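Given the structure is predicted, the values throughout are model-derived calculations rather than measurements.
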Amino acid sequence: MTPTAFYYQNVKSMKRLGRPDGWWAFFVLVPLTVLWVCCMCFFLGRLPLRPKNLQVVLNNPKEDEEIYKQASRDVEIFVSESAGRIRIRRILANLAGGLEEGTEQSSWIVIPNLDASAADKKRPKRSYCKDPPLWGRLRLDVSLHNRTDVEELLRRSPYLRGRGSWTPRDCVPQHRVALIIPYRDRLEHLSTLLYTLHPLLQRQLLEYRVYVVEQYGNETFNKGVLMNAGVREALRDNDFHCFVFHDVDMIPEDDRNLYSCPEMPRHLSVAVDKFNYTLPYALLVGGVFSIRLEHFLAVNGYSNLYWGWGGEDDDMAYRIRYRKLEIIRPPETLARYSMIKHDHRPESPNAIRTALLRMAKKRSSRDGLNTVKYRVVWRHEHLAYTHLMVDIGKHHRWQFLNGQRLIINF
C-alpha cells in the first residue's frame, strides 16, 4: 500500500470517528495567542513610563509648584468674575420680566480656558486694601470749575481707566462702588463735585465708577426714575457691590466719611451747612445715600412717581423701614457737606406727595426698579464720568381728580 493511499485511509477513519479536519488548530492556537497577549500587557503595564514631557516636571518640582499655584489663582479670579457676570445677567433678566419666550432656564457651567503663557507670568501677590491714606477735614474749593479742570486733575492721578472709573494697583479693593448722580444743566456744579470727589475716592482705595444720568427734554424733573435707570445701566457694565446716590450740589468736607459698602443702608450727608450741620428729621436719606445691591433689590429701588423736588427720598426711607432694614449714619463730625447755592427745582404738590407717602408700603412691589420705563438717548464716556442721557417720556404719570381721588399710571 502506497503512503498516499494510507493517508487517505486514516483520514476516512478519523471522519468516521467524528473529528473534523483542521479544527484542532483553532482550539489550540487561539487560547495560546490570547494568553500570550494578556501576559505581555501585564508585564508592560508594570514597567515605569518616563516620557520626555514629564522630565521637566520631575527635574524642576519648585517651578511646577509655582505654575500650579498661579493657575489656581487664575481659576479663582476667572470663576469669581464669571459668577458675578452670571448673577448680573439673571438680575437684569428678572427685572425685564423673566426669560424670553422659547428659552428655558438651565444651569450654567463655567469652564475657564487657561493659557499656559498666562500661568508662566509671575505677578506680585496683592493683599486687600487696608489703612487708606486719609487726610481728615478738607480745605474745600467750592468755586465753580469746568470739566477741563477735572480732566487735568485726573490725568495726573495714576491707574485711571477712563469713563470715570478707577481701581487701586498695589492692593485688592474690598468694595466695587457705582456712584449715581442725577443731573440736568448744571455742568459747573458737576465739575466742582468731581474735582473734590475723585481724589477723595482714590484715597479711600475703592474701585469705583461715576455715572451721570441726565433727563432728556424739558419735562418736570423725576429724580427717582433717573436713579433707577442709572442702577440698571450700571449693572450692565459690572457687578457692583453697592451704589452711592449723590446730589450734584453736595460737596464732602471730610474724607473719613467712607463711601464703601455698608452693612445696612447708610445716609452719608448727615450734617449740611444749609441746615447748620444738623439732621432735620430722623427719616431723611436724601443728599448722599449708600446702599448695597441686595438691599436695593429688596426695597425695589426708588419710586418712579415723584415729579418735581422732594418726596422720593422719604419714600425710600419708608421702604427701608417696611423691609425691616435699619438706616445707619456716621458721626456728624465726619459726615459734613457744603451745599452749592442754586435755585431748587419746583416742588411736588404737597397733597400729592402726602398721598403717595401714605401708600408707599402698598406700592413698593409694583412701583420701582422692576417697573421703571426709560430710553437711553445716547451714552458718552468722558475721562471723568460716564454720561447717560435718558428719555423718560410720558411714563409714570398720575392724575389727581377733584382733590380726593389719585389715579396712578404704573
#### Entry: Heavy-atom donor-acceptor pair, Arg336 side chain to Arg137 backbone, under 3.5 Å
no
### Task
Could you tell me whether Tyr183 and Tyr385 have their ring centroids closer than 6.0 angstrom?
no
### Task
Rounded to the nearest 0.5 Å, what's the gap from CD on Glu253 to CG on Leu200? Could you check?
12.0 Å
## Note on the structure
The reported gap from CG in Leu235 to CG in Leu369 (rounded to nearest 0.5 angstrom) is 8.0 Å
### Query
Is the ring centre of Tyr259 less than 6.0 Å from the ring centre of Tyr208?
no
### Query
Residues two or more places apart in sequence or in another chain: which of them pass side chain to side chain contact (heavy atoms under 4.5 Å, CB included) with Ala298?
none
### Query
Looking at Gly308 and Thr220, what are the two nearest heavy atoms and their distance?
N-CG2, 3.4 Å
### Task
Not counting sequence neighbours, which residues clear side chain to side chain contact (heavy atoms under 4.5 Å, CB included) with Ile320? List them please.
Pro265, Phe289, Val299, Met316, Leu325, Ile327
### Task
Report yes or no: does Gln204 contribute a side-chain atom to a donor-acceptor pair with the main-chain N or O of Pro132 at less than 3.5 Å?
no
### Task
Quick one: closest heavy-atom pair of Ala335 and Pro330, and the distance?
CB-CG, 3.6 Å
#### Entry: Single hit among Asn257, Asp247, Asp254, Asp273 for side-chain hydrogen bond (donor to acceptor under 3.5 Å, both in side chains) with Tyr337
Asn257
### Query
Sequence neighbours excluded, which residues qualify as salt bridge (charged side-chain N to carboxylate O under 4.0 Å, His left out) partners of Asp313?
Lys223
### Task
State which residue, out of Val210, Ile181, Val212, fulfils the side-chain contact (heavy atoms from CB on, under 4.5 Å) condition with Leu193.
Ile181
### Message
Ser364: which residues meet the side chain to side chain donor-acceptor pair (under 3.5 Å) condition with it, sequence neighbours left out?
### Response
none
### Task
Answer yes or no: does atom OH of Tyr281 have more than 12 heavy-atom neighbours from other residues, nucleotides or ligands under 6.0 Å?
yes
### Task
Run through Trp378, Tyr216, Tyr211 and flag the one making a ring pair (Phe, Tyr, Trp, His ring centres under 6.0 Å) with His387.
Trp378
### Query
Looking only at heavy atoms, which two atoms of Arg292 and Cys261 are closest? And how far apart?
NH2-O, 3.6 Å
### Query
Which residue, Asn228, Thr371, Asp367, Asp314, forms the side-chain hydrogen bond (donor to acceptor under 3.5 Å, both in side chains) with Ser303?
Asp367
### Message
My understanding is that only residues two or more places apart in sequence, or in another chain, count here; which of them pass side chain to side chain contact (heavy atoms under 4.5 Å, CB included) with Glu381?
### Response
Arg163, Arg209, Arg379, Thr386
### Message
Can you confirm whether the side chains of Tyr374 and Asn222 place a donor and an acceptor under 3.5 Å from each other?
### Response
no
### Residue pairs passing the salt bridge (Lys or Arg N to Asp or Glu O under 4.0 Å) test where at least one lies in residues 324-333, sequence neighbours excluded
none
## Note on the structure
Separation between NE2 (His267) and CD1 (Ile328), nearest 0.5 Å, reads 12.0 Å
